[in-house]
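Residue numbers count from 1 along this sequence. Basis for what follows: all heavy atoms, side chains included, without hydrogens, waters or symmetry-related copies.
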Amino acid sequence: MPTYTPPLRDMQFVMHEVLKVTDDLKLCPQHVDTDADTINAVLEEGGKFASEVAFPLNISGDAEGCTLDKTTHEVTAPKGFKQAYAQYVEGGWAALSCDPAYGGQGLPFVVNQCFYEMLNSANQAWTMYPGLSHGAYEALLAHGTDAQKALYLPKLVSGQWTGSMCLTEPHCGTDLGLLRTKAEPLADGSYAITGNKIFISAGEHDLAENIVHLVLARLPDAPQGSKGISLFAVPKFNVAADGTLGTRNGIYCGGLEHKMGIHGNSTCQMVLDGAIGTIVGQPNKGLAAMFVMMNAARLGVGNQSLGLTEVAYQNALAYAKDRIQMRSLTGTKAKDKPADPIIVHPDVRKMLLTAKAYAEGGRALGIFCGVLLDKEHSHPDEKVRAESGEMLALLTPIVKAFLTDNGHISTNACMQVFGGHGFIKEWGMEQYVRDNRINMIYEGTNTIQSLDLLGRKILGNNGATLKKFGRLVAALVEEEGVNEKMGEFITPIAILGDQVTKLTTELGFKGFQNADEVGAAAVDYLRVAGHLVFGYFWARMAQVALREIAAGSTDPFYQAKLQTARFYFAKLFPETATLMRTIRTGSKALMDTDAALA
């Protein structure tokens, strides 16, 4: 059976020693009193909930799955899920970073980021039920009417109700411009919505008394394509003006998807049969409102893979220390045993360190993005808010795609550490592989994220935002460029920063002549950009570790951080050289292949 220990020490290191998040938070009026002790105390309790309440339900929830009553269309979650959710609500966890005006606790988003990492390590399938509610809350907070906010937000904030996002239809996935669901206006200003949605996570369940579905649909006179999409709030149970629940609405689960992983979460085929909803935002402007929820979900999905990478690493490390097999190539290490623990073997260490490096690098990036989100929402300076939002937009596809790709690499590596036992259910490792696999697909496949990064976020503004991140790298290079002890961390990011600038310019010229050049390069380009970002954060973490050691600290944590940083730059970061070479081969070897693909 797997185990899980919340990585509180590493979270505290990143927040308080590397990023000094409270310095930024104190500039935001609503967070001026949020100090390190408060953050640490909240996360310590959050870690207990994750490890003691959510984690024990992970394997059993995977084995049991969800059950649909085809007569009533009600879905029952696995045993214990409803009770765990009740504890989550009772503990006030749903309200952690929500607006106090609607019953929230008003804590920083970065705290919620760390809490949800632990929940994802503990039980990704369970965590998706409350997780989707945050996106619904954000979308309604940004684009809902005063009446919608008053009706829905207090219940979403408390956790009494949950939320879902209903986008995908059987004939269209990412290309939402093809969707067919219709919304007919009614005399009272509401709409009757009819259509079919698929792959709707937490679309129906028994954890909460009501579900607020955010549904994309077309008005009768809507223009074709994505410019003709509107967003609607469609509750499972109709809600009276005073907030009491009324009749069952015409939205229900017609079937559960049979999936590779996340069995404990109900992935639903949703049928809308004249379901009553109210419009969110402006007519035919639904994507703008839904993108608030989608961007929150993309950050959340990256966080899911971060959580799985961490828990897979913890268990693989423990197994590698205990499992004995063969002798070390350099001579016996465990003389009192018939064989050495497998952790002595170089490739086992490589697999373990790969997961560790990707987990700790991903955590630093995730926390950095959490602070950007706090500054975008709460900083008093409009320019800082705008720049924080711009940087977050650049990093969002990297969080979603790079962290989930790395999660795939890491969970597979950790399963490999177990050998044949990794393929067996009771060890828990194969579940982490299966659960993580969806993270590369939903909320926009990683190819879509790559196209978004290169096509829209970088080439779309001639690399202006990328240059702003480049200035962060340049500032660190200037600060530590003459420090010999930092050379092994600074030199690689300085070189890659220059290489990325040249590569981006090349792709801009090529893409102007042939758009397929951008499509052919995008996935590899995102991994290059991801390593530049990770390299920056790993250099900053190494910087702090070196300073602490120089100041006399004997805490082995800092030596471990340095050793992991050295591994990352020696064994993972050099992937960029191959990727840049494949990018420069262009699109011809992909597109001039009609005979090969006949």
Side-chain angles (χ1 to χ4, degrees), residues 168 171-178 199 225-226 260 294 298 301-302 305 354 358 393-413 433 436-463 465-466 495-535 572-598:
T168 306
H171 61 284
C172 68
T174 301
D175 190 355
L176 294 172
L178 298 175
F199 304 157
S226 60
M260 178 179 177
M294 290 170 67
R298 287 168 178 173
V301 171
S305 283
T354 295
Y358 280 147
L394 174 75
L395 295 175
T396 294
I398 295 175
V399 170
K400 197 282 178 181
F402 195 58
L403 267 62
T404 59
D405 279 347
N406 293 343
H408 181 64
I409 292 167
S410 300
T411 54
N412 274 278
V433 174
N436 182 78
R437 193 59 187 83
I438 185 58
N439 298 340
M440 303 161 74
I441 298 172
Y442 61 8
E443 305 313 331
T445 66
N446 286 1
T447 298
I448 294 295
Q449 304 304 319
S450 302
L451 289 168
D452 177 51
L453 175 71
L454 180 55
R456 293 181 64 243
K457 304 294 175 55
I458 293 179
L459 298 180
N461 67 0
N462 294 315
T465 313
L466 180 64
I495 292 172
L496 184 61
D498 290 339
Q499 290 173 331
V500 167
T501 298
K502 294 173 184 175
L503 179 65
T504 305
T505 302
E506 288 177 33
L507 288 172
F509 282 119
K510 288 182 178 180
F512 184 76
Q513 297 172 323
N514 179 4
D516 278 339
E517 292 292 326
V518 175
V523 170
D524 289 346
Y525 184 94
L526 185 142
R527 283 203 67 79
V528 172
H531 278 298
L532 178 62
V533 171
F534 265 40
L572 301 180
F573 192 84
E575 177 190 10
T576 55
T578 300
L579 292 168
M580 287 188 286
R581 184 168 182 174
T582 61
I583 288 169
R584 288 191 165 101
T585 63
S587 64
K588 182 176 176 59
L590 295 173
M591 305 310 293
D592 188 12
T593 53
D594 289 348
L597 298 177

So, using side-chain contact (heavy atoms from CB on, under 4.5 Å) as the criterion, who are the partners of [X] when residues are at least two apart?
| X | result |
| --- | --- |
| S305 | T404, N436, N439 |
| L590 | A520 |
| S226 | I229, L287 |
| N461 | E390, A464, T465 |

Just how far is it from atom [atom1] of [X] to atom [atom2] of [Y], taken to the nearest 0.5 Å?
| X | Y | atom1 | atom2 | result |
| --- | --- | --- | --- | --- |
| I398 | N446 | CD1 | CG | 12.0 Å |
| L459 | T504 | CG | OG1 | 7.0 Å |
| Y442 | R437 | OH | CZ | 12.0 Å |
| T168 | D175 | OG1 | CG | 11.0 Å |

Using atom types as modelled and distance alone, determine if a side-chain donor or acceptor of [X] lies under 3.5 Å from a backbone N or O of [Y].
| X | Y | value |
| --- | --- | --- |
| Q449 | G444 | yes |
| T593 | A596 | no |
| T505 | T501 | yes |

What pairs of residues pass the salt bridge (charged side-chain N to carboxylate O under 4.0 Å, His left out) test when at least one of them lies in [range], not counting sequence neighbours?
| range | answer |
| --- | --- |
| residues 583-598 | E506-R584, K588-D592 |
| residues 495-505 | none |
| residues 440-453 | D452-R456, D452-K457 |

Using side chain to side chain donor-acceptor pair (under 3.5 Å) as the criterion, list what pairs up with [X], not counting sequence neighbours.
| X | answer |
| --- | --- |
| S587 | E517 |
| T582 | D524 |
| N406 | R527 |
| D516 | none |

Item to check | side-chain contact (heavy atoms from CB on, under 4.5 Å) assessment of L394 paired with L453 | outcome: CA-CA 7 Å; L394 174 75; L453 175 71; 3.9 Å; yes
Next on the checklist: What verdict does the side-chain contact (heavy atoms from CB on, under 4.5 Å) test give for I438 and M260, after you've listed the backbone C-alpha separation in whole Å, the side-chain angles of each residue and the deciding distance to 0.1 Å?
Outcome noted: CA-CA 8 Å; I438 185 58; M260 178 179 177; over 6 Å; no
Next on the checklist: Which heavy atom of Y525 sits nearest to which heavy atom of L503, and what is that distance?
Outcome noted: CD1-CD2, 4.0 Å
Item to check | Nearest heavy-atom neighbours spanning V518 and L507 | outcome: CG2-O, 4.5 Å
Next on the checklist: Does L526 form a side-chain contact (heavy atoms from CB on, under 4.5 Å) with L454? I'd like the steps, not just the answer.
Outcome noted: CA-CA 7 Å; L526 185 142; L454 180 55; over 6 Å; no
Next on the checklist: F402: which residues meet the ring-ring contact (aromatic ring centres under 6.0 Å, His included) condition with it, sequence neighbours left out?
Outcome noted: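 For F402 the ring-ring contact (aromatic ring centres under 6.0 Å, His included) partners, ignoring immediate neighbours, are H531, F534.
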Checklist entry - Side chains of Y358 and L572: closer than 4.5 Å at any heavy-atom pair? => result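 A side-chain contact exists here, since the closest heavy-atom pair is under 4.5 Å.
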Checklist entry - Can R298 and V399 be said to form a side-chain contact (heavy atoms from CB on, under 4.5 Å), step by step? => result CA-CA 8 Å; R298 287 168 178 173; V399 170; over 6 Å; no
